[in-house]
Number of protein chains: 2
Amino acid sequence: MTKTTVRKREAAATRAAILAAARERFLRESYDSVGLREIAGDAGVDVALISRYFGGKEGLFREVVAVDKEEKLIREPLTAAELPAYLAQLVVEDGDDHRQHRMEMFVIMLRSASSPKAGQIIRDLVHLDVLGPLAEIIGDEHAELRANMLLAILMGIGVLRTIMRVDALDGSPDQRAECEDRFRCLFEAALSC
Amino acid sequence: MTKTTVRKREAAATRAAILAAARERFLRESYDSVGLREIAGDAGVDVALISRYFGGKEGLFREVVAVDKEEKLIREPLTAAELPAYLAQLVVEDGDDHRQHRMEMFVIMLRSASSPKAGQIIRDLVHLDVLGPLAEIIGDEHAELRANMLLAILMGIGVLRTIMRVDALDGSPDQRAECEDRFRCLFEAALSC
DNA sequence: GAAATAAATCAACAACTGTTGACTTGCTCG
DNA sequence: CGAGCAAGTCAACAGTTGTTGATTTATTTC
């Protein structure tokens, strides 16, 4: 048996379909309120396959965030001076797909961080892959506190927009540009005050 | 039967005990992950009493936030100039009980906002009792956007501290005072930039 | 074409969810 | 005292949750 081209009914494809459907659900609801049967229904597969492929719900969630994590949340080659403008663009969310994807990642983290099961996974991710890189970019003596402030603003805006459904950014292109300016200004303040 | 002193085995007291236990749980977990049996266990009562007194889980949650809401989230007599210092104190959380209680309210809101059942209750509360008063205090032409920015910072810090368990504020009194200064500065920036 | 094997399905499981009705306890009033 | 009634208990419900074993279906290899 030549193992390379096995996957007779495309196991990899269904695995990917489950992963995509799960990401979509976790983007809109919390870990606890999403049922495996809903995810399976969206993906067009049987529920049993999820536990089979991912070892269970927790394994599935862990893989969803692990996939997103690979395309680093905070892009490395970035100076402290570029940070405010970069984060402001991230927030307004009309950038390229990668950037949008990155903001969605924050939403997934926010939605499930209060679940006993998923919480630890999320917390580890935040410390290791967000706060660490951010502090490294900032690099000054108060780097840690400032990284916290930046992330707080980022998280807060994420909460308001997607979870609380506050629509400060749902205006005309002009209004959005104005918002971006103000947010950039806010991020600058967090770095220099 | 003189109705005034009825409550033979203190119905009001058990009701209060349930409410207190529920608040404590909702402060630490999400709406979906908290079970009525856990709450009943903490309060030392039978599970059945919860559905009996509050009409169900959703009714219980609605009453928990309604109680907190009474002592207004944003105290009314406050000028725009006083706002940054007030919010910074709120964040550092070593104020009086009322203030601490108010910050906890934000945590309850954050934890359960992603639940399909509890989400709408929370969203209504945010719009009506937080963003409204905030915008009114600010009062200038960009009041709405600025209220959003303030709340975003407030929410973001709440997320980081309690949900993500980032410990920027767990230092010495000196460090806490320094943090308070920086946050006040950040709130000022949100109002004036 | 037949055996072998991976992929997908089905049905059922045990555990838990919130909720309800019937029952028991304990207090108060006539 | 004993009737009445509120407060609390108990057990069970119908529904859902994640998960597992046996079974069927489709694909490949000899």
Side-chain angles (χ1 to χ4, degrees), chain A residues 1-22 25-26 29-64 111-112 114-121, chain B residues 1-22 25-26 29-64 111-112 114-121:
Chain A
M1 44 180 168
T2 53
K3 280 163 249 152
T4 51
T5 356
V6 184
R7 72 172 80 126
K8 322 218 167 158
R9 255 170 298 173
E10 302 234 73
T14 58
R15 232 189 94 101
I18 293 172
L19 217 50
R25 285 280 180 181
F26 288 134
E29 284 176 46
S30 71
Y31 178 85
D32 297 299
S33 67
V34 173
L36 291 187
R37 279 169 180 82
E38 298 173 291
I39 297 176
D42 292 352
V45 303
D46 194 277
V47 207
L49 287 184
I50 297 182
S51 291
R52 203 159 280 263
Y53 279 139
F54 299 92
K57 189 181 185 180
E58 204 174 325
L60 173 61
F61 184 77
R62 188 171 273 119
E63 188 138 339
V64 166
R111 287 210 189 273
S112 294
S114 287
S115 159
K117 300 274 180 63
Q120 196 54 51
I121 302 173
Chain B
M1 43 180 166
T2 53
K3 281 164 245 145
T4 51
T5 356
V6 183
R7 73 172 79 128
K8 324 225 165 154
R9 259 165 295 172
E10 301 236 72
T14 57
R15 231 189 95 101
I18 293 172
L19 216 52
R25 284 281 180 180
F26 288 134
E29 284 175 45
S30 71
Y31 178 85
D32 296 300
S33 66
V34 173
L36 290 189
R37 280 169 180 81
E38 299 172 293
I39 297 176
D42 293 351
V45 302
D46 195 278
V47 207
L49 287 184
I50 298 183
S51 290
R52 202 160 279 267
Y53 280 141
F54 299 93
K57 189 182 186 181
E58 205 174 325
L60 173 62
F61 183 78
R62 189 171 272 118
E63 188 138 337
V64 167
R111 287 212 189 274
S112 295
S114 287
S115 159
K117 300 273 179 63
Q120 195 54 51
I121 301 173

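For the residue pair B/S115 / B/S112, no side-chain donor-acceptor distance below 3.5 Å is found, with atom types taken as modelled.
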List the steps and the verdict of side chain to side chain contact (heavy atoms under 4.5 Å, CB included) for A/R15 and A/F54. CA-CA 9 Å; A/R15 232 189 94 101; A/F54 299 92; 3.7 Å; yes

Show the numbers, then the answer: is there a side chain to side chain contact (heavy atoms under 4.5 Å, CB included) between A/L60 and A/L19? CA-CA 7 Å; A/L60 173 61; A/L19 217 50; 3.8 Å; yes

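Residue B/T14 places at least one side-chain N or O under 4.0 Å from the OP1 or OP2 atom of D/dG8. Taking side-chain N and O atoms only, A/Y53 has a distance below 4.0 Å to OP1 or OP2 of C/dA8.
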Scoring nucleotides 9-16 of chain C by protein non-hydrogen atoms under 4.0 Å (B base, S sugar-phosphate only, - none) yields BB-B----

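The distance between atom CG of B/D32 and atom C1' of D/dG15, rounded to the nearest whole Å, is 16 Å. What separates CZ of B/R15 from C1' of D/dA6 is a distance of 15 Å, to the nearest Å. In this structure, the CD atom of B/E29 is 11 Å from the P atom of C/dT17, given to the nearest Å. Rounded to whole Å, atom C1' of C/dT5 lies 17 Å from atom CD of A/E10.
Using a 4.0 Å cut-off on heavy atoms, the residues of residues 54-64 of chain B that approach DNA chain C are B/G56, B/K57, listed by number.
Among pairs with a residue in residues 46-57 of chain A, none fulfils side chain to side chain donor-acceptor pair (under 3.5 Å), at least two apart in sequence or across chains.
Within the model, atoms CZ of A/R62 and NZ of A/K117 stand 12.0 Å from one another, a figure rounded to the nearest 0.5 Å. Considering CD1 of A/I50 and CZ of A/R37, their distance stands at 9.5 Å, rounded to 0.5 Å. Within the model, atoms CZ of A/R25 and CD1 of A/I39 stand 7.5 Å from one another, a figure rounded to the nearest 0.5 Å.
Here the side chains of A/P116 and A/D32 are in contact, with some heavy-atom distance below 4.5 Å.
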